[in-house]
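Keep in mind that what you see is a predicted model, and the values were worked out from it rather than measured. A note on names: the letters A, B, ... follow the listed sequences, proteins ahead of strands, and every chain is numbered from 1.
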Number of protein chains: 2
Amino acid sequence: MASETSKSVGFEKHDHGLCLEKAIKAAEAYCDRCNLQFTPLRRKVLEILLEEHRALGAYAVLDLLREAGLGSQPPVAYRALSFLVEHGFAHKIERLNAFVACALPDILHSPAFMICRKCDTVVEAQSPSSSFDLSATASATGFEIEQTTLEAKGVCNSCAEMA
Amino acid sequence: MASETSKSVGFEKHDHGLCLEKAIKAAEAYCDRCNLQFTPLRRKVLEILLEEHRALGAYAVLDLLREAGLGSQPPVAYRALSFLVEHGFAHKIERLNAFVACALPDILHSPAFMICRKCDTVVEAQSPSSSFDLSATASATGFEIEQTTLEAKGVCNSCAEMA
DNA sequence: AACATAAATGATATATTATAACATTACAAG
DNA sequence: CTTGTAATGTTATAATATATCATTTATGTT
């Protein structure tokens with residue numbers, strides 16, 4: 001499956017203890033402001049997603065939780081992940097049934113992703129896209145859009161170069 | 001779950017033996033042209049999706065197949081559905097883990113959907129959208145998009161009116 | 001601080017979705 | 001007609017996700 005421990009943001013390498021810490025602080029601050037409980041469990045799950053920096057299935061998260069001695073049954077992972085997704089700290093990649101930490105924690109945005117089918121790296125697009133072609137059809141039919149999922153499958157630069 | 005037998009295209013009712021027949025003919029013609037085998041099983045699965053005219057899970061399809069006496073194990077349904085999706089006769093709705101017949105069989109298009117979270121009705125957008133905000137990010141990073149998934153969750157007109 | 005209430009977590013069980021692997025049949029090309 | 005390929009049948013199991021109920025932890029109120 002994915003490229004073991006490539007630790008890439010986007011498709012390039014980078015040092016990243018920093019962005020992890022920043023993201024955790026941001027989540028903490030947000031939860032403080034909104035009276036949400038940023039519990040040790042939820043924090044740990046977010047740390048796991050940030051640490052791995054790629055899309056992780058719920059059971060992969062669960063394994064890492066277990067290693068950390070923090071809960072070991074599926075609902076534990078799913079509940080924490082739901083919390084993170086609900087509040088925008090993480091996103092679910094529907095095509096992969098997997099979860100990634102949000103790469104744009106400060107910006108209000110409709111998530112959009114590029115998923116490499118070779119290495120499974122997931123990159124969150126930088127544009128705060130929210131109005132697509134859909135909006136025309138939507139307003140025509142009276143459909144009220146609440147949330148959009150935009151995922152592009154393809155091949156990333158480094159995988160293309162290898163071939 | 002979904003609205004039993006609402007049989008709606010988009011969110012409005014319509015007579016629809018016609019569009020079923022048309023879609024089947026179109027698929028048949030396409031398969032002829034491309035040397036694909038439009039087998040009784042594949043035809044039946046497409047008929048099921050067209051008939052129901054909403055997103056059906058693989059196991060729902062399988063139940064209907066079974067009723068029709070045409071195969072009864074999961075791989076049978078999944079294989080036929082894969083074929084239909086691969087050749088554009090149907091689409092997978094990732095958010096629902098479900099499948100719908102393509103509503104725009106003649107037009108080359110990136111599918112885009114609106115999904116009502118109350119009645120699960122799925123409408124395929126009419127615009128042949130294929131270039132979104134993603135394309136900028138994609139070209140910047142050298143990512144080559146092969147396929148996009150665009151799904152909007154929300155509430156359809158009739159469900160909104162009920163409330 | 002003591003209590004009531006709500007929120008989160010723990011734990012068990014099970015539902016739902018999907019695929020691997022191998023056997024068999026159908027069908028087309030040489 | 002036999003050989004290769006694609007499709008289907010069949011069994012088993014993997015991977016993903018949730019329902020339910022018990023317990024603990026946090027929060028707000030007196």
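- Of the candidate nucleotides dT8(D), dT10(D), dT18(D), dT18(D) has the atom nearest to the side chain of P75(A).
- Taking only side-chain nitrogens and oxygens, K92(A) comes nearer than 4.0 Å to OP1 or OP2 of dA17(D).
- Distance, D63(A) CG to dA15(D) P: 11 Å, rounded to whole Å.
- A98(B) meets the side-chain contact (heavy atoms from CB on, under 4.5 Å) test with A55(B), L96(B); sequence neighbours excluded.
- Not a single salt bridge (Lys or Arg N to Asp or Glu O under 4.0 Å) links E161(A) to another residue, sequence neighbours left out.
- E94(A) has its CD atom 13 Å from the P atom of dT16(D), to the nearest Å.
- In this entry the distance linking CZ of R42(A) with P of dA26(D) reads 12 Å, nearest Å.
- Straight-line distance from the CG atom of L62(B) to the C1' atom of dT10(D): 13 Å, rounded to whole Å.
- Heavy-atom distances under 4.0 Å link DNA chain C to Q37(A), T39(A) of residues 31-40 of chain A, given in residue order.
- Shown here are the side-chain contact (heavy atoms from CB on, under 4.5 Å) partners of E144(B), two or more places apart in sequence or in another chain: there are none.
- Between N97(B) and dA18(C) there is a side-chain polar atom (N or O) within less than 4.0 angstrom of OP1 or OP2.
- Among the nucleotides dA11(C), dA17(D), dT19(C), the one closest to the side chain of P74(B) is dT19(C).
- Centre separation under 5.5 Å together with a plane angle under 30° does not hold for the ring of Y59(B) and the six-membered base ring of dT16(C), so they are not marked as stacked.
- With sequence neighbours excluded, the residues that form a side chain to side chain donor-acceptor pair (under 3.5 Å) with K153(A) are Q147(B).
- Cation-pi check for R42(B) over F83(B) is met; the charged atom lies under 6.0 angstrom from the ring centroid and within 45 degrees of its normal.
- Distance, K44(A) NZ to dT9(C) P: 15 Å, rounded to whole Å.
- The stretch residues 76-89 of chain B touches DNA chain C through Y78(B), R79(B), each having a heavy atom within less than 4.0 Å of the strand.
- Atom pair L41(B):CG and dA6(D):C1' shows a separation of 13 Å (rounding to whole Å applied).
- Atom CD of Q73(B) is separated from atom P of dA21(C) by 18 Å (rounded to the nearest Å).
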